[in-house]
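Letters A, B, ... are given to chains in the order of the sequence lines, protein chains preceding strands, and every chain is numbered from 1.
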Amino acid sequence: MSDLFNNSRPECEEIYPDMFLLTDFTPIEPISKQANLIIKLSPFRRMMTPMGHYTGIEITNCGEYGWTSDLNGYQYSTIDPVTRKNWPLMPEEFLQLANRAAKTVGYDNFIPDSCLINQYKIGTSLGTHQDKDEKDYQWPIVSLSIGLTATFQVSGAKRTGNSTAFQLHQGDVLVWGNSARLAYHGVKKLKPDTLNPRLDKRINLTFRKAG
DNA sequence: TAGTCACA
DNA sequence: TGTG
């Protein structure tokens, strides 16, 4: 994993209505260091979907609530089904990053109680879906990208039809809420970086207020 | 259909 | 390769 921090100026662009891309928003090194500690406590695993398939990406969580999937459906749980213990604590660095990103685009006092950590290997993707398992949709979704660049696709209120796609680079934070809160979105199949063949994965941190 | 796969 |  590269720890390089691109020193270009952070930018904030409303890339879709009520969806903001904060380019190069944070140094990655301290964040990925904490993520690695979490992964040791609650390891990555694929999860069974309600339809009986496994997710392509690998998943773990930290914070009070973790997003889980099994044959019964999706739900937030305070217990990791693999370790049968609570999820690892949310690091202070995570809380502050998510709070600062939300505040940058107008959401004050965002205190996430859930951080979903998704690992994308080359060739994996995340199908179009909504984030709708949270209790209160007034809070935004805050998402940090680490590692390989991915193509993020938003298709709005409908799962199919017109869509907008853009790149998410390491250090980028995407924040969405209000009219975009329940927008269908997904991540296209991850491709290798021909200039950095050593990079072989992408890790995404998604901060939410679930409970 | 937090997936895939057949089809354009 | 993008879409339903």
In whole Å, I'd like the distance from the [atom1] atom of [X] to the [atom2] atom of [N].
| X | N | atom1 | atom2 | result |
| --- | --- | --- | --- | --- |
| A:L126 | B:dT1 | CG | P | 13 Å |
| A:I59 | B:dG3 | CD1 | P | 8 Å |
| A:H53 | B:dT4 | NE2 | P | 7 Å |
| A:I57 | B:dT4 | CD1 | P | 11 Å |
| A:H185 | B:dG3 | NE2 | C1' | 15 Å |
| A:M48 | B:dG3 | CE | P | 13 Å |
| A:K189 | B:dG3 | NZ | C1' | 14 Å |

Counted 5' to 3', the first and last nucleotides of DNA chain C within 4.0 Å (strictly under) of a heavy-atom of chain A are C:dG2 to C:dG4
Within residues 152-162 of chain A, residues whose heavy atoms come under 4.0 Å of DNA chain C | A:Q153, A:T160, A:G161
Donor-acceptor contact below 3.5 Å, side chain [X] vs main chain [Y]:
| X | Y | answer |
| --- | --- | --- |
| A:R45 | A:P43 | yes |
| A:S145 | A:Q170 | no |
| A:D113 | A:A210 | yes |

When all nucleic acid strands are considered with a 4.0 Å heavy-atom cut-off, which category describes A:G56: base, sugar-phosphate, or nothing?
->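 If one applies the 4.0 Å heavy-atom cut-off, A:G56 turns out to touch the sugar-phosphate alone, with no base involved.
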Describe the nucleic acid contact of A:T55 in one word from base, sugar-phosphate, nothing, applying a heavy-atom distance below 4.0 Å.
-> sugar-phosphate
Where A:K191 and A:L148 come nearest, the two heavy atoms and their spacing = O-CD1, 3.9 Å
Contact summary for A:D108 and A:K103, nearest pair of heavy atoms = OD1-CG, 3.6 Å
Taking [X] first and then [Y], would you say they form a salt bridge - that is, a charged N and a carboxylate O separated by under 4.0 Å?
| X | Y | answer |
| --- | --- | --- |
| A:R181 | A:D136 | no |
| A:K85 | A:D80 | no |
| A:K33 | A:E93 | no |

Pairs flagged by ring pair (Phe, Tyr, Trp, His ring centres under 6.0 Å) wherever residues 95-144 of chain A is involved - sequence neighbours left out =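 Sorted pair list: A:H129-A:H185.
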Interatomic distance at C1', B:dT1 relative to B:dC5, whole Å = 14 Å
